[in-house]
Number of protein chains: 2
Amino acid sequence: MDARILLVEDDPSIREVTAIGLGAAGFEITTAVDGVDALERFRAEPYDLILLDVMLPRLDGYEVARQVRRTSTVPIVMLTARADTMDVVVGLEAGADDYELRLGNLVIDVGGRTVTRDGTDIPLTRTEFDLLIELIRHAGQVLSRDVLLDRVWGYDYLGDSRLVDVAIQRLRSKVETDPATPELIQTVRGSGYKAVR
Amino acid sequence: MDARILLVEDDPSIREVTAIGLGAAGFEITTAVDGVDALERFRAEPYDLILLDVMLPRLDGYEVARQVRRTSTVPIVMLTARADTMDVVVGLEAGADDYELRLGNLVIDVGGRTVTRDGTDIPLTRTEFDLLIELIRHAGQVLSRDVLLDRVWGYDYLGDSRLVDVAIQRLRSKVETDPATPELIQTVRGSGYKAVR
DNA sequence: AGGGCCCGTGACAGAACGGTGACCCAAGCA
DNA sequence: TGCTTGGGTCACCGTTCTGTCACGGGCCCT
């Protein structure tokens with residue numbers, strides 16, 4: 001289980017010493033010399049940990065971290081050189097809910113509970129949002145009304161399962177470009193609903 | 001030559017992700033969930049490095065660092081919030097807590113526990129300040145009333161979660177330019193509150 | 001082609017939710 | 001001791017949400 005580490009450090013001597021040290025300790029090290037280089041390497045293949053200098057040419061460490069966070073929750077450790085030691089390090093949050101889903105031209109920020117299309121916000125109520133998330137999490141799969149009632153409204157919910165239809169309709173009216181011909185959330189007659197994959 | 005690391009973080013998702021990442025990177029990780037827990041573990045056995053969240057229940061990161069410093073020169077590293085909200089973060093050498101957060105036109109000096117707008121001081125009470133920090137640490141993310149009660153009031157707090165609403169209102173009345181139309185701290189109906197990103 | 005079932009949709013009323021002012025107790029302080 | 005401040009609780013109210021119903025159109029099967 002070799003951990004793959006991306007080391008981003010512009011100072012050649014620090015970079016080499018650290019790389020050699022970590023390499024000898026059994027890690028698989030890739031090095032990048034500046035922020036742009038780091039992003040390119042990160043996009044090219046996955047890493048288990050990023051060691052990131054704050055002061056970097058072209059793109060500083062904070063900006064690199066910000067861009068990495070758009071698509072990944074990989075642990076990032078920020079390194080800041082100090083006069084005497086290297087003991088200043090800043091860990092960055094890798095919040096579990098800090099990610100975005102996609103459905104067609106919609107972007108869903110799960111943690112922030114927002115939905116946007118082309119950058120403009122589409123306000124949804126809590127039920128609508130939860131329903132949308134449930135559909136997207138199982139995109140391509142048909143979810144029956146009973147299953148949706150279970151998962152969105154709670155397992156103990158007793159009521160008219162037509163409620164789901166109404167909720168779907170309300171969701172579509174906000175989310176579909178043309179609610180009359182839904183493209184994102186499809187009805188599967190006799191079975192339920194599904195989000196397109 | 002495994003480095004022993006004490007990771008102190010109350011947020012379970014951050015704690016686990018970081019622990020797994022660093023564990024995979026070959027470090028020996030011990031975790032603590034709050035300040036008191038951290039001091040107990042530190043007194044029990046030695047560590048080579050302490051990763052310390054600033055905002056902690058029971059005893060905040062600064063106080064933990066201060067107490068550790070009485071008996072040890074172990075490197076202490078402060079963990080902060082998200083990459084995308086972080087302005088300046090400074091590691092703690094010997095109690096030099098001087099970093100600032102930002103929210104709209106507010107500047108928050110975490111160490112000094114002051115909030116200023118355009119250079120003028122906005123006095124906040126302790127609860128208001130802690131609440132503000134917690135929201136800013138997760139800017140853009142919706143925090144439920146329960147989570148806020150956990151993190152701001154302490155996880156053992158049992159009480160009316162409407163308390164959060166009142167605290168938010170009091171905070172807004174001091175911090176928002178127009179409290180009637182909040183721009184910095186938004187209500188997400190049915191879910192909770194969030195600070196704008 | 002006809003009938004039955006399924007689903008979309010508009011309307012409505014009750015429920016849920018959150019903002020807010022008020023009250024009061026406890027802690028801190030002079 | 002008496003005053004001040006912070007903060008937890010409560011009640012009220014306007015707004016928003018949402019569960020239900022009824023109607024009608026369309027799809028499928030025979």
Side-chain angles (χ1 to χ4, degrees), chain A residues 113 115 121-132 134-135 142-194, chain B residues 113 115 121-135 142-195:
Chain A
R113 296 186 71 86
V115 177
D121 192 63
I122 301 177
L124 296 185
T125 69
R126 179 173 56 152
T127 305
E128 288 159 2
F129 189 85
D130 291 345
L131 178 57
L132 179 63
E134 189 59 33
L135 289 167
V142 178
L143 299 178
S144 72
R145 288 169 179 73
D146 281 348
V147 165
L148 289 172
L149 278 176
D150 255 26
R151 298 192 189 160
V152 178
W153 281 264
Y155 56 83
D156 53 351
Y157 181 83
L158 296 173
D160 190 355
S161 74
R162 292 300 310 280
L163 164 59
V164 176
D165 299 43
V166 179
I168 289 280
Q169 183 233 338
R170 286 169 176 159
L171 177 57
R172 278 177 175 158
S173 73
K174 296 184 182 180
V175 147
E176 295 279 357
T177 317
D178 175 16
T181 58
E183 293 180 349
L184 302 176
I185 301 168
Q186 295 176 343
T187 304
V188 181
R189 192 184 170 80
S191 302
Y193 297 92
K194 68 173 177 181
Chain B
R113 296 185 70 86
V115 177
D121 192 62
I122 301 178
L124 295 185
T125 69
R126 188 173 74 97
T127 303
E128 287 159 2
F129 189 85
D130 290 346
L131 178 57
L132 179 62
I133 294 298
E134 188 58 31
L135 288 167
V142 176
L143 299 178
S144 71
R145 288 169 179 72
D146 282 349
V147 164
L148 289 172
L149 278 175
D150 255 26
R151 298 192 190 160
V152 177
W153 281 264
Y155 47 69
D156 52 352
Y157 181 84
L158 296 175
D160 190 357
S161 74
R162 292 300 308 278
L163 164 59
V164 177
D165 300 45
V166 178
I168 289 280
Q169 184 227 342
R170 287 170 175 157
L171 176 57
R172 278 177 175 158
S173 73
K174 296 184 181 179
V175 147
E176 296 279 356
T177 315
D178 174 17
T181 59
E183 293 181 349
L184 303 176
I185 301 168
Q186 296 177 341
T187 303
V188 180
R189 189 178 228 272
S191 300
Y193 297 92
K194 68 175 175 181

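Here is how names work: the chains are called A, B, and so on, in the same order as the sequence lines, proteins then strands, and each is numbered from 1.
Counting distance only, with no hydrogens placed and no angle test, the side-chain atoms of A:Arg170 and the base atoms of D:dG19 include a donor-acceptor pair under 3.5 Å.
Rounded to the nearest 0.5 Å, atoms CZ (A:Arg113) and OG (B:Ser144) are 10.5 Å apart. To the nearest 0.5 Å, atoms CG (A:Asp130) and CH2 (A:Trp153) are separated by 9.0 Å. Note that the CD1 atom of B:Ile122 and the CD atom of B:Glu128 stand 11.0 Å from one another [nearest 0.5 Å].
Atom pair A:Leu171:CG and D:dC17:P shows a separation of 14 Å (rounding to whole Å applied). Summarising the geometry, the separation between CG on A:Leu163 and P on D:dG19 is reported as 5 Å, rounded to the nearest angstrom. Rounded to whole Å, the distance from CZ on B:Arg145 to P on D:dG8 is 16 Å. Counting to the nearest Å, the C1' atom of C:dG8 and the CD1 atom of A:Ile168 are 12 Å from each other. Protein atom CG of A:Asp165 is 14 Å distant from nucleotide atom C1' of D:dT18, rounded to whole Å. Regarding B:Leu149, its CG atom lies at a distance of 13 Å from the C1' atom of D:dG7, rounded to whole Å. Rounded to an integer number of Å, the gap from CD of A:Gln169 to P of D:dG25 is 16 Å. In this entry the distance linking CG of A:Leu131 with P of D:dC17 reads 15 Å, nearest Å.
Comparing B:Lys174 and A:Thr127, the nucleotide of DNA chain D nearest to each residue sits closer to the 5' end for B:Lys174.
Closest approach of A:Leu124 and A:Leu132 over heavy atoms only: CD1-CD2, 3.9 Å. Closest heavy-atom contact between A:Pro123 and A:Asp121: CD-O, 3.7 Å. Closest heavy-atom contact between A:Tyr193 and A:Leu135: O-CD2, 4.1 Å.
The phosphate of C:dG18 (OP1 or OP2) has no side-chain N or O of B:Arg162 nearer than 4.0 angstrom. Remark: B:Tyr193 is not in phosphate contact with C:dC17, judged by side-chain N or O atoms under 4.0 Å from OP1 or OP2. The side chain of A:Arg126 contributes an N or O atom lying less than 4.0 Å from OP1 or OP2 of C:dC17. Listed pair A:Trp153 / D:dT18 fails the phosphate criterion, with no side-chain N or O lying under 4.0 Å from OP1 or OP2. Between B:Thr125 and the phosphate of D:dG6, there is no side-chain N or O to OP1/OP2 separation shorter than 4.0 Å.
Contact of the A:Ile168 side chain with the A:Arg145 side chain is not registered, since no non-hydrogen atoms from C-beta on lie closer than 4.5 Å. Between B:Arg151 and B:Leu143, the closest side-chain pair of non-hydrogen atoms falls below 4.5 Å.
Contacts with DNA chain D (heavy atom under 4.0 Å) in residues 178-189 of chain B: B:Arg189, listed by number.
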Which atom pairs, one a donor and one an acceptor, fall under 3.5 Å between side chains of residues 179-191 of chain A and the rest of the protein, sequence neighbours left out?
from	atom 1	to	atom 2	distance (Å)
A:Thr181	OG1	A:Asp178	OD2	2.9
A:Thr187	OG1	A:Arg172	NH2	2.6

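Counting only heavy atoms from C-beta on, A:Val166 has its side chain closest to D:dT20 among C:dT20, D:dT20, D:dC17.
Rounded to 10°, the angle separating the first-five-pair axis and the last-five-pair axis of the helix from C:dA1-D:dT30 to C:dA30-D:dT1 equals 30°.
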- Before giving the answer on side chain to side chain contact (heavy atoms under 4.5 Å, CB included), spell out for A:Asp150 and A:Asp146 the whole-Å C-alpha distance, their side-chain angles and the decisive distance to 0.1 Å. CA-CA 6 Å; A:Asp150 255 26; A:Asp146 281 348; over 6 Å; no
